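Note that the structure is a prediction, hence the values are computed from the model and not measured. Values below: all heavy atoms of this structure, side chains included; hydrogens, waters and symmetry mates excluded.
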Number of protein chains: 2
Amino acid sequence: MRETIEPEGAPDEARGEAARDEGRDEAAVSRFVERFAADLAEAGMQRMAARVFAALLVSDSGALTSAELAERLRISPAAVSGAIRYLSQVDMVVREREPGSRRDRYRLYNEVWYETLTRRDQMVARWESTMRDGAKVLGPGTPAGLRIAETADFFEFVQRELPKMLERWRAQQAERRATESPKTQTP
Amino acid sequence: MRETIEPEGAPDEARGEAARDEGRDEAAVSRFVERFAADLAEAGMQRMAARVFAALLVSDSGALTSAELAERLRISPAAVSGAIRYLSQVDMVVREREPGSRRDRYRLYNEVWYETLTRRDQMVARWESTMRDGAKVLGPGTPAGLRIAETADFFEFVQRELPKMLERWRAQQAERRATESPKTQTP
DNA sequence: CCTTAACTTCACAAATTTGTGAAACTAGCG
DNA sequence: CGCTAGTTTCACAAATTTGTGAAGTTAAGG
């Protein structure tokens, strides 16, 4: 029951400068946006942040203004603001001030998955630190102390592995781009 | 302000069959439990589940009864029940019915981290599926379609990598146990 | 079989989170 | 320099989540 009062046939002075994304099955796209957002939310991301991220993902330009996001997701500017604050904080989106206009655009960060995994890595680092302290408290002679020390070791292991894994992904991508279509280089 | 009325000096008929965990700095242990639980909660785990898991982690036996958990964490049996339901569901804890007595014991699952990563893997699988569908909706000719297809590829890559990583961890552990102290085998 | 210890379920009150409208800022543009 | 489009902040109402007490269930032990 929300009435987004935005004269549908507004003069197009304000139109056409951003993503147009025309000629697609908007209903299907929206379903996809909501489905992916739900996946992310289930994994712990704030709901609005997830929706905004998904909306950016399906835009051809990879960047949208606050107004566009608000319109497409049917949410208030305040909600967009909150979502963007979160997404910038975790480096999933970058804010671009357009030189000419006074409105911001929010762009998908290119290395999103790199950033996201790095963030996860930092979390694991914190856990390892917690575990090392715990191992001290419990003492190396006790079963609990040993178990906790081993957990710390596991977290340390994961921390060493994640960056390597990202490296392999990049290598694979580089190779694929080289072989698959030698013309398609990102401008 | 919770009053856990449990006669501290209860006759020990009901004592001594489970974890005793004596002679440690209980205050320090409790701080560690709460800290690690907070880490887990921040990562999205339900708070009570996180606390119960942490409490099991610091027990020497690696297993506690509902009553012990309730007492140590100062929570109601209902809360324990809820937490255990979650933890069993995700295979982080196994339920053991003691043959003699009528009370259950909840034991840390040995391969917790293996299970946890596997679970994460399944989540990534769902995301990949979402992305493949999305790529279809957007179409392979569009920028958004390409971006989404690449994301799907990334998820696929991660899915292939995680199991390998776990394999390496196991190998490393096996080796360490062999070299470090050839006597210390789990009974 | 009946008793009763142990666990689970349920309804609810408390606490937390979420998204909004409206007011407060900020900075282009005239 | 003031106007105003665009964004952020704030207080609050709605929705959700959380943990509890109490009732309900199950099965071990007499």
Atom-to-atom span, OH of A:Y86 to P of C:dT18 - whole angstrom: 11 Å

What integer distance in Å separates B:R85:CZ from C:dC7:P? 15 Å

Once you measure the plane-to-plane angle for B:F154 and A:W169, does it fall in the parallel (<30°), tilted (30-60°) or perpendicular (>60°) bin? perpendicular

When you check the phosphate oxygens OP1 and OP2 of C:dT8, does a side-chain N or O of B:R95 lie under 4.0 Å from one of them? yes

Test: A:R147 and A:E150 ion pair at under 4.0 Å: no

For A:S76 and A:R97, find the nucleotide of DNA chain C closest to each by heavy atoms; which residue's nucleotide sits nearer the 5' end? A:S76

Under 4.0 Å from OP1 or OP2 of D:dG19: is there any side-chain N or O of B:R47 that close? yes

Looking at A:R103, I'd like to know whether one of its side-chain N or O atoms comes within less than 4.0 Å of OP1 or OP2 on D:dG6. yes

Describe the nucleic acid contact of A:S66 in one word from base, sugar-phosphate, nothing, applying a heavy-atom distance below 4.0 Å. sugar-phosphate

Any ion pair linking A:R119 and A:E115 (charged N to carboxylate O, less than 4.0 Å)? no

Quickly work out the B:M48 CE to D:dT17 P distance and round it to whole Å. 16 Å

Salt bridge or not between A:E26 and A:R24? Use side-chain N to carboxylate O under 4.0 Å. yes

